[in-house]
Each structure stands twice: as structure tokens, then as C-alpha cells.
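See structure below.
Side-chain atoms are counted along with the backbone in the values below, which use heavy atoms only and exclude waters and symmetry mates. The first residue in the sequence is number 1, and the count goes up from there. Counting starts at 1 for both ligands and their atoms, in listed order.
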Amino acid sequence: MNYDYLVVGAGLYGCVFAHEAAKAGKKCLVIDKRDTIAGNVHTSENMGIQVHDYGAHIFHTSDEEVWQYVQKFAHFNNYVNSPMAVYKDELYNLPFNMNTFSKMWGIRTPEQAQEIIGKQSREAVIEILKNRGVSEPTDYDISNFEADNLEEQGLSLAGKDIFEKLIKGYTEKQWGRSCSELPAFIIKRLPFRFIYDNNYFNDPYQGIPVGGYTAMCERLLGMRDDMGGQICGIQAHNNITVRLSTDFFEFVDMKKQRPGREITSKDGDTFAKVVYTGMIDEFFGYELGNLEYRSLRFETTSMPEVDNYQGNAVVNYTEREVPYTRIIEHKHFEFGKGRGTVITKEYPSEWKPGDEPYYPMNNDRNNILFARYQREAESWTQVIFGGRLGQYKYYNMDQVIRQALDAVKRNF
Ligand code: FAD
């Protein structure tokens with residue numbers, strides 16, 4: 001069969017692209033090597049609770065067009081992300097704001113908080129400079145201080161208390177090494193808020209799709225039409241075929257494909273264009289080397305007898321000694337009240353080829369390698385490399401949707 005598009009990956013990028021292509025009358029085959037659609041935003045139902053299978057996903061955006069767009073495929077609730085942090089037996093609000101400072105130091109006013117942070121930051125810089133051999137650091141030395149690593153950067157920006165209780169252990173778990181071995185640029189600045197406001201994001205729009213992200217992606221792919229009939233539905237449905245448990249590299253013999261030419265599957269299907277949202281280095285058979293990632297392991301537990309495990313959707317564990325970085329209690333994303341709850345512990349882990357690639361490691365080595373793959377990709381004019389793996393970049397959901405909509409505008 002002849003298709004206009006082969007969409008590799010039924011994640012958000014693939015779903016949005018396929019939807020728009022289908023609306024424009026293009027025939028699309030969407031494949032995914034997983035047996036589910038929705039990629040990493042996949043949600044599944046357990047005891048009536050939408051479980052975020054690949055980690056907490058909170059939709060937030062400043063992009064008006066993207067916000068209007070997603071409303072067509074889901075009703076969003078008014079969930080506002082207000083995570084908590086646990087350090088030993090102490091409980092703090094995040095992001096760093098007056099509630100955090102007040103709990104940490106027993107103070108009340110922004111002036112007091114600024115004074116403590118300023119004092120602790122200055123003390124930390126003086127100590128670092130002394131350790132570097134500057135016996136009496138001057139104001140000039142202090143204001144021109146440059147951190148050599150993340151430990152120094154964190155201490156100089158936040159001071160000892162906040163850095164040691166809320167940043168250090170969490171960051172070390174995330175990256176799998178000590179802050180003194182990590183580059184300073186990972187933390188450019190810290191979003192201190194000197195108001196009593198626990199809303200984690202600054203974006204004007206935020207929420208969780210009622211009924212889950214999988215249902216939202218089903219609507220995008222025309223597999224579900226339950227939002228009043230005015231959306232996508234019928235036409236998209238006619239133009240999109242979804243095939244799961246199908247790996248692109250088994251579906252297509254890459255040795256037989258040529259840059260700039262239509263792509264042919266082993267079954268003889270032809271595709272004028274391919275939208276590829278898998279790993280870009282895998283597309284080229286890793287011929288220039290592997291791009292690196294950080295991975296995650298999720299440990300999900302159903303608790304039919306527990307109504308409310310932790311009282312909040314997201315609780316971060318900031319001590320190094322606790323092996324997971326956070327616990328998600330999924331029902332709180334939808335203000336769930338019923339019996340039973342489901343929690344997920346999130347463990348960061350080293351990535352090796354074959355593991356699920358969650359976070360790109362955008363260091364110099366990998367960025368240079370990615371740029372070389374991008375140059376290779378230029379001659380494959382029939383392939384659009386999109387999404388977080390195709391572009392080797394951490395994207396939030398709204399950014400991936402924006403990317404897909406822009407690709408649509410460029411292509412038809
Ligand atoms: P994916 O969702 O990864 O989809 C790519 C798809 O391609 C996958 O289904 C994969 O199976 C398939 N595929 C890959 N290779 C092949 C192949 N060879 N053949 C066939 N199929 C293939 N964003 C937010 O906005 N808010 C959040 O709170 C948030 N939280 C996050 C938490 C975690 C732990 C992570 C990892 C990410 C989070 N994100 C969040 C980012 C969000 O997950 C991404 O923006 C989004 O999922 C990217 O969509 P995508 O389509 O690019 O990639």
C-alpha cells in the first residue's frame with residue numbers, strides 16, 4: 001500500500017503530526033515498538049486512578065496556541081503542581097519560596113530570608129576561596145567568584161542550608177555522581193521566590209487531562225471521538241492506521257533505503273515521507289557512536305486499602321541515602337477521593353544501550369556527536385527527525401507539540 005507518511009513513534013510528537021497530516025488528507029501509518037500509544041506520557045487505569053506509567057507528567061505552558069490546541073483533545077483540570085521535599089524528618093515546600101524559608105529558619109519576612117541567603121552564600125564563597133589559597137578574600141574576590149563545579153555553584157547561589165538539605169543529595173542521585181564532580185553550568189541560577197507561593201511553574205496555563213494522556217492521544221489518532229464530535233474524529237480515523245509492537249528497524253530494511261528516496265517496508269508498503277521520533281543515532285546504525293542518556297526505574301505499588309498515602313501528588317526525597325528521588329501518588333493529580341491509592345517510586349539509573357533513554361546527557365561530547373548525526377540527516381530529505389529522541393533534547397510536552405505543529409506548517 002502507498003502511504004504519504006510513516007510516523008515512527010506514537011508519542012506526543014507522532015500523534016500530533018499524524019493528526020494534522022490526516023486532517024490535511026494524507027494517509028499515515030503510525031508504528032510504535034511498544035504495545036501502547038502515547039510514548040512516555042502513557043497513562044493506564046488502576047482502581048479508577050490514572051497512573052502516569054513513565055513518571056509524573058504535569059502539563060504546563062506559556063504557549064497560547066499550544067494550550068488552545070490541547071483543549072480540543074482533552075478537558076484539563078486545574079491541578080497546580082506544588083511538590084513537597086522531605087529531608088530526614090523535615091518537610092519543606094517547593095519551589096524555594098517563603099514557605100520553605102519560613103520552615104527552615106523560623107522567619108516570616110522576605111527581608112529576613114534574603115538576609116540569611118545572602119549571608120550564607122557569602123560565607124560559602126569565602127570558605128571556597130580560602131580553600132583555594134586566598135587567605136583574606138576581598139569584596140572584589142567575592143563578587144568575581146566563579147564556581148569550578150556544581151557543589152561550589154550551589155553553595156554560592158543558595159548558601160549552606162538550602163544547598164545541603166534540598167539540592168545536594170537530590171542532584172547527586174539524579175546524576176549518579178557527587179556534586180563536586182558535576183559541572184557548574186547545570187545550575188545557572190536558582191528560582192528563589194520571596195512570596196508565599198508553592199506553585200512550581202511560572203506558566204499561565206497548567207493542568208492534567210481528565211481521563212489521562214492516553215485518552216488524549218487516542219483522540220489525536222482518531223481512535224476515540226468522545227468530545228462532542230467536533231474534533232478530529234472521523235476524517236483522521238480514516239487516514240490513520242496504527243500498528244503497535246512494530247519496531248521500525250524490523251519493519252524496514254535500512255540497508256535498502258537511500259537518502260532522498262521513498263521508504264519501502266519489508267512488506268512492500270511505500271512511504272513518501274517518514275516522521276522519525278526514535279533515537280537519531282539508532283537510525284544511522286550508531287555508525288558515529290552512541291549518544292548517552294540517564295535512565296530511570298519506576299516501582300509502582302497498588303494499595304487498595306489505603307486512601308491517602310502521602311497527601312500530595314509529588315514528594316521529593318532530597319537525602320542521598322534514600323535511593324529514590326521522589327514518590328508520586330497518582331490520585332492527587334485528579335483530586336481522587338475514592339478508596340485505594342497507587343504510588344510510584346522513581347529511581348534514577350545509569351543508562352546503557354538497550355535501556356529506556358529518558359534524559360539526554362547534553363554535555364560537549366554528546367552535543368558534538370549529535371551535530372554530526374544532524375549533518376548526516378540533512379541528506380535524508382524524506383525523513384523528519386522530531387521529538388525528544390530525534391532531536392536529542394529534553395522537551396516538555398508543550399515544546400514537543402509546538403515542534404510537531406511547526407513541522408506540519410513547514411511540510412504542508
Ligand atoms: P516519546 O514519548 O518518547 O515517544 C517516542 C516513541 O517512539 C515511543 O513510544 C517509542 O517507543 C517510539 N520508538 C522509538 N524508537 C522506535 C522504533 N525504532 N520503532 C518504533 N517506535 C519507536 N513534560 C512536561 O511537559 N511535564 C512534565 O511533568 C514532564 N515530566 C516528565 C517526567 C519524566 C520522567 C520524563 C522522562 C519526561 C517528562 N516530560 C514532561 C517530558 C515528556 O515526557 C516529553 O515531552 C514527551 O513525552 C516527548 O514526546 P515524544 O513524542 O518526543 O517522545
Side-chain angles (χ1 to χ4, degrees), residues 6-19 29-43 52-63 66-67 70 76 79-81 83 174 200-201 203 205-209 213-214 216-217 220-221 242-252 254 265 274-286 293-298 313-314 324-326 328 333 344-349 351 354-360 383-404 407:
L6 171 63
V7 178
V8 181
L12 260 188
Y13 188 101
C15 288
V16 169
F17 194 99
H19 176 81
L29 177 66
V30 179
I31 62 169
D32 203 297
K33 63 181 178 186
R34 296 183 186 171
D35 60 1
T36 50
I37 63 159
N40 281 354
V41 307
H42 187 264
T43 45
H52 297 208
D53 293 309
Y54 298 92
H57 276 78
I58 298 123
F59 196 92
H60 59 99
T61 189
S62 302
D63 188 325
V66 167
W67 182 242
V70 293
F76 279 72
Y79 175 82
V80 170
N81 193 31
Q174 260 192 325
Y200 196 78
F201 298 117
D203 294 315
Y205 307 113
Q206 182 172 182
I208 302 282
Y213 289 97
T214 303
M216 179 173 122
C217 289
L220 276 159
L221 293 175
V242 178
R243 211 181 285 175
L244 299 176
S245 307
T246 304
D247 191 316
F248 176 68
F249 300 102
E250 284 160 21
F251 184 65
V252 160
M254 277 305 284
S265 76
V274 171
V275 174
Y276 178 83
T277 70
M279 291 156 66
I280 187 167
D281 52 353
E282 189 177 13
F283 185 89
F284 292 106
Y286 306 104
Y293 295 84
R294 282 290 289 163
S295 200
L296 287 171
R297 184 168 64 80
F298 300 105
V314 182
Y324 41 86
T325 44
R326 51 185 188 169
I328 308 304
F333 287 126
T344 301
K345 290 181 179 162
E346 220 170 278
Y347 297 81
S349 65
W351 176 87
D355 291 348
E356 201 54 62
Y358 286 108
Y359 297 111
V383 182
I384 298 164
F385 292 87
R388 65 185 188 99
L389 299 171
Q391 290 293 322
Y392 193 62
K393 190 153 190 252
Y394 180 85
Y395 285 120
N396 281 321
M397 291 179 274
D398 62 325
Q399 295 169 308
V400 155
I401 294 171
R402 160 58 55 209
Q403 254 211 351

### Query
Which pairs, with at least one residue in residues 387-404 and sequence neighbours excluded, count as a salt bridge (Lys or Arg N to Asp or Glu O under 4.0 Å)?
Asp63-Arg402, Glu65-Arg402, Arg402-Asp406

### Summary
Between the CZ atom in Phe59 and the CG atom in Asn396, the distance rounded to the nearest 0.5 Å is 9.0 Å

### Message
Please report the interatomic distance CD(Gln206) to OH(Tyr200), rounded to the nearest 0.5 Å.
### Response
11.5 Å

## Note on the structure
Near ligand 1 (heavy atom, under 4.0 angstrom), the protein residues are Val8, Gly9, Gly11, Leu12, Tyr13, Asp32, Lys33, Arg34, Gly39, Asn40, Val41, Tyr54, Ala56, His57, Ile58, Thr246, Asp247, Phe248, Phe249, Thr277, Gly278, Leu296, Tyr358, Tyr359, Gly387, Arg388, Tyr394, Tyr395, Asn396, Met397, Val400

### Task
Test the Arg297-Tyr347 pair against the cation-pi criterion, namely NZ or CZ under 6.0 angstrom from the six-membered ring centroid and within 45° of the ring axis.
yes

### Query
Partners of Thr246 by side-chain contact (heavy atoms from CB on, under 4.5 Å), sequence neighbours excluded?
Ile31, Arg243, Phe251

### Task
Could you pull out all residues at least two apart from His60 that satisfy ring pair (Phe, Tyr, Trp, His ring centres under 6.0 Å)?
Phe201

